Each structure stands twice: as C-alpha cells, then as structure tokens.
Amino acid sequence: MAINKNNNATFDVATENSVLNKYGMNILNTPFVYDDDIELGLGEKYIIVEKLIEAHEFAKINVLAGNITGRGFATNVCTFDRAWSLGTNFNNTRNDISSVCGERSAILASYNEALLRYSRRPKGKFDFKIKYLCMASNIELEETSSMIAPCEDCLSWLNTNRYFNFNTLVFSFERLENKELVVRASRLVNFLPYKTYATSSDFSLNKEIRFSKNSQVSLVKFNLKPNDILELLNETYKNYQKNNFANVSKQNISASIIANNEIITASKIDWTKRWNTEALEICASKAIEKYGNNTTISAVAYFGDESSVQNGEIYNDGLVSIKSLGRIRQKYASNDTLMVLNFQNYILITTIGEYLPKKFEQGYKIS
C-alpha cells in the first residue's frame with residue numbers, strides 16, 4: 001500500500017471550485033492510497049477529488065429528492081477521451097426489485113453522451129472505454145469508513161472486456177485506522193482478479209490440478225477432498241453435454257454445487273435472446289427447497305461456453321455468473337465456498353472470496 005500526501009507539490013488552489021471549499025478540502029491535504037503501482041499527476045488528483053465530491057453531493061440530493069429506498073449512491077464516470085458523466089441509483093420500488101445502481105446509471109449516461117458526440121461527427125469506429133469510476137454514497141464524509149465496492153450486478157458489467165480493461169481505475173473516499181480521510185485508488189482487476197482468465201470446453205480429469213492460496217483451507221473446513229471437487233466438475237461436464245435448453249443464445253452453460261454433502265446440477269435455460277435463467281441460481285434454488293435455511297453451499301463448479309452467438313457474430317459474455325455468485329455469497333455460501341474451473345491445460349480449485357475478493361456492503365444512511 002502506498003500513500004501520497006503531495007506535501008511538496010504546488011498547485012493553483014485558487015482554481016478550486018466551491019464544492020471542494022464547502023468541505024474545506026483541497027488537493028494539497030487529501031492523501032491518495034494505492035493498492036498497487038498507480039501513478040497520478042497532481043492535476044489528475046484534483047479532478048478526482050472534485051468528481052468524488054460531486055458524486056457525494058449527487059447521492060445526497062437523490063435521497064433528499066425522494067428516493068424511495070432512502071439510500072443514495074452515485075458515480076462519476078470518465079471515458080478515455082476525458083469526458084465525465086454523473087449517475088445515481090434509480091429505484092422503482094422500496095425493495096429494489098427494479099433498480100439501477102449508481103455505477104450502471106453513470107455508465108449508461110456516459111455511453112449515450114459519447115454516442116451523441118460521435119453521431120454529430122462520425123469518424124472511424126465508435127470506441128467507448130471507461131477510464132475512471134469515482135464512487136460515493138450519501139453518508140457524510142465524517143462518517144465514511146471503508147471504500148465502496150461495486151455490487152455484483154455492477155461487477156458483471158465491469159467484467160466485460162468491451163468497455164473496461166485492466167487500466168480502468170476505481171476511486172472512493174475511505175477512512176484509515178487513524179481516522180484520516182483519504183482517497184482509495186484501486187485497479188478494476190483488484191475487484192475481478194480472474195477477469196482475463198478464459199475457461200475451456202476441452203475436458204479431462206487427467207489435467208493438472210492447481211490449488212489457490214485459500215482453497216486447501218476450505219477443503220479442510222468443509223471436510224472435502226480434491227476428488228470430491230473433481231467429481232463435482234465431472235457431473236457439471238456431463239450435464240453440459242446433454243443440455244439443450246440454451247438453444248437461443250447457443251451459449252451452453254452448466255453449474256453444480258455441493259450443498260449439505262449432496263451434488264446438485266443444473267443448466268442455463270434460455271427464454272429469449274435477452275432473458276435466461278442462470279444455472280447456479282437454479283442449483284441453489286433446488287438446494288434451498290430441500291434444506292431450507294439449513295442450506296450450506298460448500299463448493300461450486302462451472303462448465304460451458306465463454307461466448308454466445310447471435311446472427312453469426314460471437315459475443316464474449318463470460319462463463320461464470322458474477323451476479324449469481326454474489327447472490328449466494330450473501331446467504332447459503334461464503335467467501336470460503338470452493339470454486340472449480342476448467343482451463344485449457346489445468347483445473348483450478350479456488351474460492352468465491354478469491355474470485356470476488358471485495359464484498360459489497362450496504363453502506364448508506366437513511367434520512
């Protein structure tokens with residue numbers, strides 16, 4: 001972890017706008033904390049602090065304006081062509097059945113604004129890439145604690161390679177143990193460490209087995225052996241071979257879980273090109289119907305196609321459903337739940353907590 005306080009930096013603080021002055025902040029006294037080798041110039045840091053404050057103000061306005069859930073999140077998004085767009089969470093119902101988070105709201109706004117700019121002066125291929133996400137909530141800064149992590153629904157968007165990459169950075173206010181307010185800067189890969197891993201449909205139980213850092217601890221915790229996990233993957237593969245429910249997207253995906261020492265398997269079901277039911281959630285539903293609140297998911301396996309085909313074009317949608325992993329991690333599974341993936345030359349046994357290392361916390365203040 002690196003901290004840069006800009007103690008020796010010079011900057012024209014007279015140019016700082018009233019939003020920063022309102023909070024008694026300027027770039028010279030706002031430390032940046034980095035997860036890795038991120039380098040930002042002083043002018044860039046000033047803009048990020050400003051955009052974080054704007055997002056914080058916008059989240060508060062959203063709640064004061066009558067947001068029915070009583071919570072506020074907002075994100076300032078910057079594209080690689082230096083255009084900024086602001087969005088906040090939009091909720092149709094109090095229980096969030098129909099909602100769009102601040103990140104996705106800002107991304108949609110940014111995309112539409114970029115497309116408008118392109119349509120006025122079309123030149124070459126329309127290219128839309130996200131450089132920064134500055135995330136904030138309606139919690140007062142003096143009450144802010146840990147960095148805001150994107151929820152799993154938003155992470156499923158961020159996991160695509162079309163608009164995001166390793167260079168996409170996420171920023172948020174955070175308080176250190178000494179109560180100092182800082183800006184936390186993190187690469188997207190720290191939220192999605194397996195972002196560029198590609199699974200394979202070439203299957204053999206004779207492949208090399210690799211264990212992640214925490215997987216062997218989880219094997220002991222759940223009283224499982226590597227052969228139990230391989231059997232789980234094999235059952236997933238067999239279900240993949242016979243699945244004919246994914247006949248619309250042509251993206252065949254199967255998943256299996258070990259719940260209460262029982263293997264439960266299901267496949268992705270297409271309803272239309274737009275809608276499908278994800279295999280992992282079907283597995284979990286079967287287990288919950290049988291075991292109720294005593295359901296414990298100790299392992300998850302995925303097998304299938306990383307892409308879908310529409311009108312002859314290939315779309316790399318990914319195999320693992322981050323949304324579904326996020327849902328079961330909230331209940332019935334945990335960070336310690338084992339996860340097995342089939343790669344070209346080896347089989348990886350890891351955990352949900354290593355695949356999705358930062359868990360979204362419902363941090364907001366209801367007015």
Side-chain angles (χ1 to χ4, degrees), residues 1-7 13 16-36 38 40 44-65 67 69-78 84 86-91 96 99 101-106 132-155 158 168-188 190-191 330 356-367:
M1 179 178 74
I3 299 180
N4 186 340
K5 293 200 175 191
N6 308 311
N7 290 334
V13 294
E16 295 190 3
N17 68 22
S18 59
V19 177
L20 269 67
N21 291 333
K22 174 181 176 180
Y23 287 88
M25 300 176 68
N26 64 64
I27 190 59
L28 300 181
N29 63 17
T30 306
F32 274 62
V33 178
Y34 305 118
D35 286 342
D36 46 31
I38 298 170
L40 296 167
E44 202 78 353
K45 292 176 182 178
Y46 165 73
I47 293 172
I48 288 163
V49 173
E50 180 185 53
K51 296 302 181 180
L52 281 170
I53 291 291
E54 285 181 355
H56 173 56
E57 290 274 294
F58 205 48
K60 292 199 296 182
I61 290 170
N62 191 27
V63 175
L64 292 173
N67 181 339
T69 62
R71 66 178 190 170
F73 292 97
T75 299
N76 239 324
V77 164
C78 180
W84 286 89
L86 187 60
T88 186
N89 58 300
F90 179 84
N91 308 99
D96 291 355
S99 65
C101 299
E103 303 96 290
R104 285 176 287 158
S105 177
Y132 299 149
L133 290 96
C134 293
M135 300 174 58
S137 75
N138 66 304
I139 298 177
E140 296 296 339
L141 294 186
E142 58 266 24
E143 300 176 29
T144 296
S145 55
S146 60
M147 179 183 193
I148 300 173
C151 75
E152 284 81 356
D153 280 35
C154 290
L155 282 175
L158 302 176
T168 300
L169 299 179
V170 181
F171 300 92
S172 180
F173 286 121
E174 179 178 277
R175 285 203 181 273
L176 303 179
E177 291 183 1
N178 64 4
K179 305 303 181 183
E180 182 179 26
L181 183 69
V182 302
V183 173
R184 169 72 67 174
S186 183
R187 294 190 187 279
L188 181 58
N190 291 324
F191 296 91
Q330 298 295 327
L356 295 176
K358 297 193 178 183
K359 187 174 182 179
F360 173 72
E361 297 178 4
Q362 294 281 354
Y364 57 93
K365 183 177 181 180
I366 297 178
S367 299

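Computed from a prediction, not measured in an experiment: that's the story for all the values here.
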For this session: Look at the side chain of S137 and the backbone N and O of I139, then say whether any donor-acceptor pair between them is shorter than 3.5 Å.
Result: yes
Exercise. Closest approach of E103 and C151, non-hydrogen atoms and distance?
Worked result: OE2-N, 3.8 Å
For this session: Mark yes or no for whether N89, through its side chain, and R71, through its backbone, hold a donor-acceptor pair below 3.5 Å.
Result: yes
For this session: Assign the ring pair W84 / Y132 to parallel, tilted or perpendicular, where the plane angle (0 to 90°) is split at 30° and 60°.
Result: tilted
For this session: List for me each residue that meets salt bridge (charged side-chain N to carboxylate O under 4.0 Å, His left out) alongside R104, sequence neighbours excluded, and say none if there are none.
Result: none
Problem set entry | Trace of the side-chain contact (heavy atoms from CB on, under 4.5 Å) decision for R187 with L169 | CA-CA 5 Å; R187 294 190 187 279; L169 299 179; 3.7 Å; yes
Exercise. Looking at M147 and S186, what are the two nearest heavy atoms and their distance?
Worked result: CE-CB, 4.1 Å
Exercise. What residues form a side chain to side chain contact (heavy atoms under 4.5 Å, CB included) with I61, not counting sequence neighbours?
Worked result: none
Problem set entry | side chain to side chain donor-acceptor pair (under 3.5 Å) involving T88 - partner list, sequence neighbours excluded | N62
For this session: Heavy atoms only: give me the nearest C101-C154 pair and the separation to one decimal.
Result: CB-SG, 3.4 Å
Problem set entry | L158 and L133, any side-chain heavy atoms less than 4.5 Å apart | yes
Exercise. So do C78 and K51 actually touch side chain to side chain, heavy atoms under 4.5 Å?
Worked result: no
Exercise. Does NZ or CZ of K45 lie under 6.0 Å from the centre of the six-membered ring of F32, at an angle within 45° of the ring axis?
Worked result: yes
Exercise. Got E57 and K60 here, is their nearest side-chain heavy-atom distance under 4.5 Å?
Worked result: yes
For this session: Indicate the atoms forming the closest heavy-atom contact of L52 with S172, along with that distance.
Result: CD2-CA, 3.9 Å
Exercise. Is there a side-chain contact between C134 and I48, using heavy atoms and a 4.5 Å cut-off?
Worked result: yes
For this session: In sequence, state the C-alpha distance, the side-chain angles, and the governing distance for F173 and V182, and then conclude on side-chain contact (heavy atoms from CB on, under 4.5 Å).
Result: CA-CA 6 Å; F173 286 121; V182 302; over 6 Å; no
For this session: Using the test side chain to side chain donor-acceptor pair (under 3.5 Å), find all partners of T168 that sit at least two apart in sequence or belong to another chain.
Result: none
Seminar exercise, completed: Contacts of R175 meeting side chain to side chain contact (heavy atoms under 4.5 Å, CB included) (sequence neighbours excluded), chain-then-number -> E142, L181
For this session: Compare every heavy atom of G87 with every heavy atom of A106, then report the nearest pair and how far apart it is.
Result: CB-N, 3.6 Å
Problem set entry | For L86, all residues meeting side chain to side chain contact (heavy atoms under 4.5 Å, CB included), sequence neighbours excluded | A55, F58, N76
Exercise. Taking C-beta and beyond as the side chain, do L141 and I53 meet within less than 4.5 Å on heavy atoms?
Worked result: yes
For this session: Would you name the heavy atoms of F191 and P150 that are closest together and state the gap between them?
Result: CE2-CD, 3.4 Å
